[in-house]
There are 2 protein chains.
Amino acid sequence: MDARTEAQPYAGLDPRLDRDTSNCSIARTLEIVGEKWTILILREVWYGSSRFGDFERVLGCPRNLLSARLRMLVEEGILATETYKEPGSRSRPKYVITPKGMDLVPAVMGLLQWGDRYRADPEGPAMLTRHRGCGAHVDAQIYCADGHAVEAEDIESVPGPAFRMKPAD
Amino acid sequence: MDARTEAQPYAGLDPRLDRDTSNCSIARTLEIVGEKWTILILREVWYGSSRFGDFERVLGCPRNLLSARLRMLVEEGILATETYKEPGSRSRPKYVITPKGMDLVPAVMGLLQWGDRYRADPEGPAMLTRHRGCGAHVDAQIYCADGHAVEAEDIESVPGPAFRMKPAD
DNA sequence: CTCCTGAGTTTACTTTCACATACTCAGCAA
DNA sequence: TTGCTGAGTATGTGAAAGTAAACTCAGGAG
């Protein structure tokens, strides 16, 4: 049997511990990108879309939700608005990604590679990601600050500076 | 000005192109882990929880949703059920992570580190992730198959084997 | 002046989701 | 045989999301 089938949780927190999970960074990120359409909008931005009509057409997202999600992403500093001007038309807004938005790339790459592995069509993925320099396939990996590649099983999670217990009732 | 503020989309797809996005690996992964509570359940599994009551207590998730999410995660092969037995009680089910579930770690690490960077409390994150071997902090990074660290700006996305256009109306 | 276009907003309706609460069920214990 | 406990299922209500269509608004084109 594959050794990996013996995968174990990577932290040893007592599950009876009444941790306060309200300041979890995963949950806080999901408050933004966990809404439907949001990551798909970002995907289209990375693929080159920038205009309201582009998003609407390729995603099939309702206009009111698209409008709400774009506004939220701009408020959060993940996208920024600029203007573009087609010859013969007036200036219109477009949406471009910010550095804060680009910092979501590792997370989205993680989702992408899991989907490529477990949920792709038989013939393979719809899109491939390559290193612009060398053309080799890229994916998200876990590394430690000392430069070692880290297996998921070898990650341990420990309470950090903002760790709190649930307030007593 | 920081060079990173000039971040550009990493693909050059024509935004007018009527791509069929129904087989996108990101979207397919989100069908599973994009539902509320699902990633938070996985987080608790990684942190050491395995029982229905543990999840309910720490997450505050409604029981019917917790039940539905756990069933889905088992059906998808991300969790598996085993049994445990407390002395003086009958056997009860518990939930353990599978290798397929562990493969979601890079994606969740990506979400975690974005939250740590942009949405943590002033004093820092609630939890820290370390390499079990050397104790150094770990995070998700993008690497290419040739072993180069890759900046998000240097990723390009190109059509893959399952790339399709939208069926004509 | 009127039409056209892209980018929205508004409205009305339907469906799904979230949440709290109550209920069930199996087996150990007393 | 009654109660207790963990792990669920069932249900009722309200909020949110999805859908579709109409409407607005600014400015260039004809």
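Naming: A, B, ... by sequence-line order, numbering from 1 per chain.
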Quiz prompt | Length of the CZ-P vector between B:Arg92 and D:dG8, whole Å | solution = 10 Å

Self-check item: Nucleotide D:dA7, atom P - distance to CZ of B:Phe55 in whole Å
Solution: 10 Å

Practice problem: Before giving the answer on side-chain contact (heavy atoms from CB on, under 4.5 Å), spell out for B:Leu112 and B:Asp116 the whole-Å C-alpha distance, their side-chain angles and the decisive distance to 0.1 Å. | Solution: CA-CA 6 Å; B:Leu112 175 67; B:Asp116 282 351; 4.0 Å; yes

Quiz prompt | Value in whole Å for how far the P atom of C:dC28 lies from NZ of B:Lys85 | solution = 6 Å

Exercise. Taking only the side-chain nitrogens and oxygens of B:Tyr95, find out if one of them lies under 4.0 Å from OP1 or OP2 of D:dG6.
Key: no

Quiz item: Relative to the 5' end of DNA chain C, which residue comes earlier, B:Ser91 or A:Tyr84, by the nucleotide with the nearest heavy atom?
Solution: A:Tyr84

Self-check item: Any donor-acceptor N/O pair, B:Asp154 side chain to A:Gly133 backbone, under 3.5 Å
Solution: no

Quiz prompt | Pair A:Tyr143 and B:Tyr143, ring centroids less than 6.0 Å apart | solution = yes

Quiz item: Atom CG of B:Leu66 to atom P of C:dC19: distance rounded to whole Å?
Solution: 12 Å

Exercise. Applying side-chain contact (heavy atoms from CB on, under 4.5 Å), run through A:Thr21 and B:Leu40 and close with a yes or a no.
Key: CA-CA 10 Å; A:Thr21 55; B:Leu40 301 181; over 6 Å; no

Self-check item: Length of the CZ-C1' vector between A:Arg90 and C:dC3, whole Å
Solution: 14 Å

Quiz prompt | Closest non-hydrogen atom pair between A:Trp37 and A:Pro62, with its separation | solution = CZ2-CD, 4.0 Å

Self-check item: From B:Glu86, B:Glu82, B:Glu44, residue fulfilling salt bridge (charged side-chain N to carboxylate O under 4.0 Å, His left out) relative to B:Arg51
Solution: B:Glu86

Exercise. Round to the nearest Å and state the distance from B:Arg57 atom CZ to D:dA7 atom C1'.
Key: 14 Å

Self-check item: Footprint string (nucleotides 9-22 of chain D, 5' to 3'): B base within contact, S backbone only, - free, heavy atoms under 4.0 Å
Solution: BBB-----SSBB--

Practice problem: Measure from CG on A:Asp54 to C1' on C:dG6 and round the result to the nearest Å. | Solution: 11 Å

Quiz prompt | Spacing between B:Leu59 atom CG and C:dC19 atom C1', to the nearest angstrom | solution = 15 Å

